[in-house]
Protein chains: 2
Amino acid sequence: MKKDLRIIKTEESLRKALLTLLKTKTLETITISELCRLAQINRGTFYLHYRDVYDVFRHYFEVIVEDFRKAYEKPYLNTNFNINNMTPDMIDIFNHVKKYKAFYQIIFDGKSPMTYYYLVLDTIRKFMEESLSIDNNAVYLDVDFDYLISYHANAIIGIIIELHKQNYTTPIEILNEQLIKLITNTRS
Amino acid sequence: MKKDLRIIKTEESLRKALLTLLKTKTLETITISELCRLAQINRGTFYLHYRDVYDVFRHYFEVIVEDFRKAYEKPYLNTNFNINNMTPDMIDIFNHVKKYKAFYQIIFDGKSPMTYYYLVLDTIRKFMEESLSIDNNAVYLDVDFDYLISYHANAIIGIIIELHKQNYTTPIEILNEQLIKLITNTRS
DNA sequence: AATTTTATTGTACAGTTGTTCATTATCTTC
DNA sequence: GAAGATAATGAACAACTGTACAATAAAATT
């Protein structure tokens with residue numbers, strides 16, 4: 001059972017139109033009506049695929065999060081999940097974030113919904129789970145697993161939020177260094 | 001120069017009406033129109049005070065964040081800003097969060113805008129800044145101050161996010177313990 | 001208490017939203 | 001390639017949105 005070509009065409013048109021509109025205006029000011037006009041899609045059809053404009057963006061961002069996942073994965077693979085052995089050159093996430101700067105500016109905008117944030121958080125969390133289960137010389141000190149992970153995973157995003165606050169100006173090499181120092185200082 | 005009584009009355013009516021509506025429906029489904037109907041405020045007047053329904057909620061939440069600030073402040077005052085000497089009984093934030101559970105469920109909802117999150121984050125950040133400037137036996141290991149703070153401040157919210165995920169069921173005593181273990185493990 | 005300043009109201013308007021339904025177009029499968 | 005399935009369209013609807021402006025009401029100031 002293949003996916004209907006019409007569906008693919010419709011959704012692609014909408015996403016493409018969104019990207020076009022984002023060049024001249026902010027996400028929250030884009031209406032469903034103008035998106036459909038540009039995409040040449042009937043407005044009634046829109047609701048068969050997406051809930052609102054944020055939902056279209058989400059579909060887009062999911063692809064980017066997959067790229068984030070790959071970037072985040074790299075040091076885990078390079079160290080065979082002994083993340084303590086990580087070196088600055090293995091880190092790829094800040095490269096990724098800077099590459100998709102235009103998107104992350106939207107993700108971290110005060111008006112954007114939290115959903116995008118959780119997409120990133122869940123991605124990091126997933127890797128930490130694996131890492132902590134595999135990494136044998138980790139010491140847990142009687143801390144609940146879920147809280148431990150959420151604590152450290154969200155800390156990582158703290159760095160990205162700060163990068164956002166600094167308007168993405170901090171050099172990647174500095175960020176890589178900082179990350180290493182921050183997380184190695186974290187485990188005993 | 002005092003504040004006009006009419007303004008106070010209008011804004012209070014709107015906030016009160018919002019609280020009433022929140023008992024039966026979610027924030028995102030509440031329209032400006034029905035809010036004004038209930039508050040008996042002309043819809044045109046609404047726009048003189050708030051941008052949208054989320055903005056009214058924000059005004060409300062600002063009061064709650066002030067309470068959060070006080071709760072967060074407590075261990076800092078009790079330890080005279082030597083936060084390493086903190087004990088579980090000094091911690092008040094999880095008490096606070098559970099008390100205002102109904103609000104935090106909205107704050108951390110995927111559909112809610114990031115603004116509320118940043119209100120909390122900025123509050124924590126402010127205290128960490130003070131704490132790190134005052135606390136003399138802290139070792140910084142050549143980490144950029146802003147990144148250090150954002151990292152640790154956001155980590156704290158990670159715990160609250162996990163509490164949210166657990167549907168606010170984790171006992172306060174456990175949370176207090178976890179927090180101590182997590183942050184003492186963090187500084188060298 | 002009278003005057004001035006400022007906020008609220010009522011009305012109107014064009015545009016958006018979310019939904020429904022019959023009709024048409026297009027894809028999949030046999 | 002024909003038949004059946006499914007998606008897209010167009011039109012219509014009531015409700016909501018954001019804004020404007022003149023008229024009115026209610027504050028603050030003197």
Side-chain angles (χ1 to χ4, degrees), chain A residues 1-60 62 106 109-116, chain B residues 1-60 62 106 109-116:
Chain A
M1 216 205 296
K2 290 181 198 171
K3 191 158 192 183
D4 200 309
L5 288 176
R6 292 167 292 184
I7 296 178
I8 296 170
K9 201 204 96 203
T10 299
E11 297 189 353
E12 254 175 15
S13 304
L14 285 167
R15 286 203 302 280
K16 199 178 161 188
L18 179 62
L19 216 60
T20 307
L21 287 173
L22 278 174
K23 283 171 187 160
T24 54
K25 52 194 322 200
T26 61
L27 184 57
E28 102 242 65
T29 62
I30 296 170
T31 67
I32 293 172
S33 295
E34 70 179 325
L35 191 61
C36 292
R37 276 195 297 271
L38 184 61
Q40 306 208 68
I41 299 295
N42 188 280
R43 196 167 58 81
T45 308
F46 178 92
Y47 293 102
L48 298 173
H49 300 273
Y50 299 108
R51 183 186 138 89
D52 51 30
V53 178
Y54 286 109
D55 205 19
V56 184
F57 183 81
R58 186 196 163 85
H59 195 152
Y60 228 121
E62 275 166 5
I106 293 171
D109 186 273
K111 287 157 208 144
S112 292
M114 293 280 295
T115 341
Y116 310 142
Chain B
M1 216 205 295
K2 290 180 198 170
K3 192 159 192 185
D4 199 310
L5 288 176
R6 291 168 293 184
I7 295 179
I8 297 171
K9 199 204 96 202
T10 299
E11 297 189 352
E12 255 175 15
S13 304
L14 285 168
R15 286 203 302 280
K16 199 178 162 188
L18 179 63
L19 215 60
T20 306
L21 287 173
L22 278 174
K23 283 171 187 161
T24 54
K25 52 195 321 201
T26 61
L27 185 57
E28 102 243 65
T29 62
I30 296 171
T31 67
I32 293 172
S33 295
E34 70 179 325
L35 192 60
C36 291
R37 276 195 298 272
L38 184 61
Q40 306 207 67
I41 298 295
N42 188 280
R43 196 166 58 81
T45 308
F46 177 92
Y47 293 103
L48 297 172
H49 300 273
Y50 299 108
R51 184 187 138 88
D52 50 31
V53 178
Y54 286 110
D55 205 19
V56 184
F57 183 82
R58 186 198 162 85
H59 195 153
Y60 229 120
E62 274 166 5
I106 294 171
D109 186 275
K111 287 156 208 144
S112 291
M114 293 281 295
T115 340
Y116 310 142

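Letters A, B, ... mirror the listed sequences (proteins, then strands); counts begin at 1. Heavy atoms only: backbone and side chains are in, while hydrogens, waters and symmetry mates are out.
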| task | Of all the heavy-atom pairs spanning A:Asp52 and A:Ile32, show the shortest one and how long it is. | result | CA-CD1, 4.2 Å
| query | Between C:dT8, D:dA8, D:dT9, which one does the side chain of A:Thr10 approach most closely? | reply | D:dA8
| query | Distance check: side-chain N/O of A:Arg51 vs OP1/OP2 of C:dT19, anything under 4.0 Å? | reply | no
| request: Select base, sugar-phosphate, or nothing to describe what A:Ile7 touches, counting heavy atoms under 4.0 Å on all strands. | output: sugar-phosphate
| Starting at CZ of A:Phe46 and ending at P of C:dT16, how long is that distance when rounded to a whole Å? | 14 Å
| said: Whether A:Ser33 contacts C:dT17 is assessed here as follows: a side-chain N or O lying under 4.0 Å from the phosphate OP1 or OP2. Is that the case? | reply: yes
| note | note: B:Asp55, atom CG; D:dT17, atom P; distance rounded to Å ~ 14 Å
| Donor-acceptor pair under 3.5 Å, A:Arg6 side chain vs D:dA8 base | no
| Where B:Thr29 and B:Thr26 come nearest, the two heavy atoms and their spacing | OG1-O, 2.8 Å
| message | Expressed as a whole number of angstroms, how long is the span from A:Leu35:CG to C:dT17:P? | response | 10 Å
| remark: Taken to the nearest whole Å, NZ/A:Lys9 to P/C:dT28 is 13 Å
| Per the atom types in the model, does the base of C:dT16 pair as donor or acceptor with the side chain of A:Arg43 at under 3.5 Å? | no
| field | Side chain of A:Asp4 - closest among D:dA8, C:dC27, C:dT17 | value | C:dC27
| request: Report the nucleotide, chosen from D:dA28, D:dA8, C:dT8, that has the shortest atom-to-atom distance to any side-chain atom of A:Thr45. | output: D:dA8
| query | How many Å lie between NE2 on A:His49 and P on D:dT6, as a whole number? | reply | 15 Å
| request: Rounded off to whole Å, could you give me the CD-to-P distance for the B:Glu12 and C:dA7 pair? | output: 17 Å
| query | Does A:Thr31 put a side-chain nitrogen or oxygen below 4.0 Å from OP1 or OP2 of C:dG15? | reply | no
| query | C:dT28 C1' sits how many Å from A:Leu5 CG, rounded? | reply | 9 Å
| query | Name the one of B:His49, B:Arg6, B:Lys16 that satisfies side-chain hydrogen bond (donor to acceptor under 3.5 Å, both in side chains) with B:Glu11? | reply | B:His49
| Of all heavy-atom pairs between B:Gly110 and A:Pro113, which one has the smallest distance, and what is that distance? | O-CB, 3.4 Å
| task | Name the residue closer to the 5' end of DNA chain D, choosing between A:Asn42 and B:Glu34 according to the nucleotide with the nearest heavy atom. | result | A:Asn42
| request: Please state how far atom CD1 in A:Ile8 lies from atom C1' in C:dT26, giving the value in whole angstrom units. | output: 14 Å
| message | Strictly distance-based, threshold 3.5 Å: is any side-chain N or O of A:Tyr116 a donor or acceptor partner for the main-chain N or O of A:Tyr54? | response | yes
